[in-house]
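Scroll down for the structure; my scribbles are underneath it.
Proteins get letters first, then strands, A, B, ... in listed order; numbering begins at 1 in each.
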Amino acid sequence: MSPLFEIRKNFLVIKVKGELDHFMADQIRLLSDTYLEGTRIHNVIFDFKDTTFMDSSGIGMIMGRYKQVKRLNGRIYAVHVGPAVERIINISGLHKLLRVARNVDEALEEK
Amino acid sequence: MGQLVFWRNEGEAAELPPVKDNRLSVDFPAIAENEQLARMLVSAFLTPLDPTMEELSDVKTAVSEAVTNAVIHGYPKADERNKIHMFLENRNRLLTVTIVDYGVGIEDIALAMEPMYTSKPELERSGMGFAFMKAFMDTLEVKSSKSEGVTIVMSKVIGEEKGDNREHE
Ligand SMILES: Nc1ncnc2c1ncn2[C@@H]1O[C@H](COP(=O)(O)OP(=O)(O)OP(=O)(O)O)[C@@H](O)[C@H]1O
Ligand SMILES: [Mg+2]
């Protein structure tokens, strides 16, 4: 399954569908650059509503996006975080770098 | 014809159904697409053991990490002869997963296994693969030397939680 990209204000919303592994992490990395490089979009929301699996490839890709937007004072949000994703995020320490919100609208309101 | 019925209620112990020992041995090319294939194979292999969602996700993650490492690190140069061997074994609910590659190998295993250590930060790797294998399986063994490839052996008891339940009655 392919990730879905959507622009809301100066946020890039990435809907992660299916399994966030090496293969999908590469796809998201490639596609998100076209939205984030040299544009006014400085924040990224990862929507995990339809995410059934995630491994360290996902962690690396999210950390990479964090470094990318941090230079521009942007933020990374995670929404609809289910148990599978939550455990991976916590063990890796990624929860310290991103903000967790319930849904996209809540994340949009925060900034 | 006889029939055995097993059921699980909230807070009530359940008998674990007997499961026949089983083995699966496969070879596949070291390409990113086969990381998903390996996860699907181990999921299917575990189905008769009726694992919990958590057990299934633990094992899938560990397998994904080991296979991804072979694809990314074991074989830095793509070649159709690059091969990964996976061996799955169930003996009395002890799942053992062996994943072998014949690539560049690991010189310093202790360093490689440190959380956050990665030799490929430019590829946005986080260095968490071994940490996840360790966290999600009961045992983890890494065998390697330089240019000799890597062998990962990891095991986990499936159905432990249900088994524990029974003992605490
Ligand atoms: N099969 C392998 N062949 C050669 N080197 C390996 C292999 N597996 C792991 N390594 C080495 O061990 C290091 C640590 O592996 P680990 O999986 O923990 O992190 P990573 O793969 O670098 O990052 P991540 O798993 O978070 O994407 C790797 O960076 C690599 O140098
Ligand atoms: Mg790895």
Pick one of side chain, backbone, both or neither for A:Thr52, based on which atoms fall under 4.5 Å of a heavy atom in chain B. neither
Taking B:Ser64, B:Ala32, B:Ser57 one by one, which has the highest count of heavy-atom pairs under 4.5 Å against chain A? B:Ser64
Proximal component of A:Ile62, with respect to chain B [non-hydrogen, under 4.5 Å]: neither
Salt-bridge criterion met for B:Arg39 and A:Glu19 (N-O under 4.0 Å): yes
Could you tell me if A:His42 and A:Asn10 have a donor-acceptor pair between their side chains, going purely by distance under 3.5 Å? no
Does this structure show an ion pair linking B:Lys156 with B:Glu55, if we count only N-O contacts that are shorter than 4.0 Å? no
Under 4.5 Å from a heavy atom of chain A, the part of B:Thr68 involved: side chain
Which atoms of B:Leu123 come close to chain A, meaning under 4.5 Å heavy atom to heavy atom: side chain ones, backbone ones, both, or neither? backbone
Are A:Leu12 and A:Ile45 close enough that some pair of their side-chain heavy atoms sits under 4.5 Å apart? no
Kindly assign one of parallel, tilted or perpendicular to the pair A:Tyr77 and A:Phe11, based on the angle between their ring planes and the thresholds 30° and 60°. tilted
Greatest number of heavy atom pairs closer than 4.5 Å to chain B - which of A:Ala25, A:Ser56, A:Ala84: A:Ser56
